[in-house]
2 protein chains.
Amino acid sequence: MKYIEKLRNSGLRPTKQRLQICEVLFNRDKTFHFTINELEQRIKKHTDNKISLATIYNTIHAFEKKGYLKQIPINSNQTYFDTNVTDHHHFYDLKDEKLIDLEKSDVGPINILRKIDGKKIKSVEVLVKLED
Amino acid sequence: MKYIEKLRNSGLRPTKQRLQICEVLFNRDKTFHFTINELEQRIKKHTDNKISLATIYNTIHAFEKKGYLKQIPINSNQTYFDTNVTDHHHFYDLKDEKLIDLEKSDVGPINILRKIDGKKIKSVEVLVKLED
DNA sequence: CACTTTTTTAGAATCATTATAAACTGCAAA
DNA sequence: TTTGCAGTTTATAATGATTCTAAAAAAGTG
């Protein structure tokens, strides 16, 4: 199993549940944008045994803390996550409520000219809302 | 009362509650970033009579629909609103959980090079997260 | 004033997320 | 391999923001 090492290296025990969630999250070509609810549905389809909702939350938070996932800032009642943890941005299709990755090169350089004393910039995220 | 016309012009009856909320929201020098919870506290201090929480939600949504307020996309369990409805961006101080306006001129032009068929860009929002 | 429509309200309902505490599991040391 | 224990999983309860409901109150109109 290719995810065992990954988990072990980051101090997470490679449990059956975590490995199955890894399969759903990372064993794919494109990056994956999801809410916990959507992920739960996919896990249900993909695996035979049930994984508790609490475990899904636990795992996603653990993965996020380890840097395997990113939260996407967006106004929604549900939290969106992204398997693409590189520095990039998003389109958000307001009608379909779907996210699309926007590579840094698609946006061009962003120069934050203002500085705040005693603070440093951790990230710069761009959300481009789309309508028909 | 200076807000009566504003409300009437947008088809909202200028009720006592709405006028009081207008005072708290708009009668200030700087732009105001808030959650419903914070707003409720301020209303409690500012006004003698109690305004129901449901009314606060109703009013904020009505004002947002009329374009007097904007939601700010951010990862938080609570929704943030902004009285600054001009096209601008935000710093978000992760430690203090506070927002700071970033004028467009502080960010410079943003050029979205990629296009999505059949969709047009409604807004471009930049969130700059700050750490110590 | 009489009547209609909008608004307010308290409280219930909903829904995402987090907490709890007991059972289970991976894993390292004996 | 067995034992012991920290780390995990789990069902369920709890929380907290937000929305819904339906009845009362207020605003607008003639």
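Below, read A as the first sequence line, B as the second, and so on, with proteins coming before strands; counting in each chain starts at 1.
For the pair A:Arg13 CZ and C:dC27 P, the interatomic distance rounds to 6 Å; values are reported in whole Å. Note: CD (A:Gln20) to P (D:dT9) measures 11 Å, nearest angstrom. Atom NZ of A:Lys65 and atom P of D:dT8 are 11 Å apart (whole Å). For the pair B:Glu40 CD and C:dT8 P, the interatomic distance rounds to 15 Å; values are reported in whole Å. Residue B:Ile60 contributes atom CD1, which lies 15 Å from atom P of C:dT7 at whole-angstrom precision. One can place CD of B:Gln17 at 6 Å from C1' of C:dT8, the figure rounded to the nearest angstrom. To the nearest angstrom, P of C:dA10 lies 11 Å from CD1 of B:Ile51. To the nearest angstrom, P of C:dG26 lies 16 Å from CD of A:Glu5.
For the residue pair A:Asp106 and A:His88, no side-chain donor N or O sits within less than 3.5 Å of a side-chain acceptor on the partner. B:Asp101 and B:His33 share a side-chain donor-acceptor pair at under 3.5 Å.
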Using a cut-off of 4.0 Å between protein heavy atoms and nucleotide atoms, how would you tag nucleotides 12-24 of chain D 5' to 3' with B, S and -? -----SBBB----
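In this structure, B:Arg8 reaches the D:dG28 phosphate: one of its side-chain N or O atoms is under 4.0 Å from OP1 or OP2. Between B:Thr15 and C:dT6 there is no side-chain N or O to OP1 or OP2 distance below 4.0 Å.
B:Thr55 comes within 4.0 angstrom of a base, heavy atoms only.
A:Arg42 places no side-chain N or O within 3.5 Å of a backbone atom of A:Glu38 that could act as its donor or acceptor partner. Side-chain atoms of A:Tyr3 do not come within 3.5 Å of backbone N or O of A:Arg18 as any donor-acceptor pair.
Between A:Lys50 and B:Pro14, the residue whose closest nucleotide on DNA chain D is further toward the 5' end is A:Lys50.
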Run the side chain to side chain contact (heavy atoms under 4.5 Å, CB included) check on A:Glu23 and A:Leu19 step by step: do they pass? CA-CA 6 Å; A:Glu23 286 292 334; A:Leu19 290 170; 5.9 Å; no
Quick one: do B:Leu99 and B:Asp82 satisfy side chain to side chain contact (heavy atoms under 4.5 Å, CB included)? Show the steps, please. CA-CA 9 Å; B:Leu99 285 154; B:Asp82 192 344; over 6 Å; no
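Of the charged side-chain nitrogens involved, at least one lies within less than 4.0 Å of a carboxylate oxygen, so that B:Lys119 and A:Asp132 count as a salt-bridged pair.
When distances run from any side-chain atom of A:Leu12 to the nucleotides D:dA27, D:dT9, D:dT8, the shortest one goes to D:dT8. You'll find that the side chain of A:Asn58 is closest to D:dT10, out of D:dT8, C:dT7, D:dT10. Taking the side chain of A:Arg18 as heavy atoms from C-beta on, and the options C:dT8, D:dT10, D:dT8, the nearest nucleotide is D:dT8.
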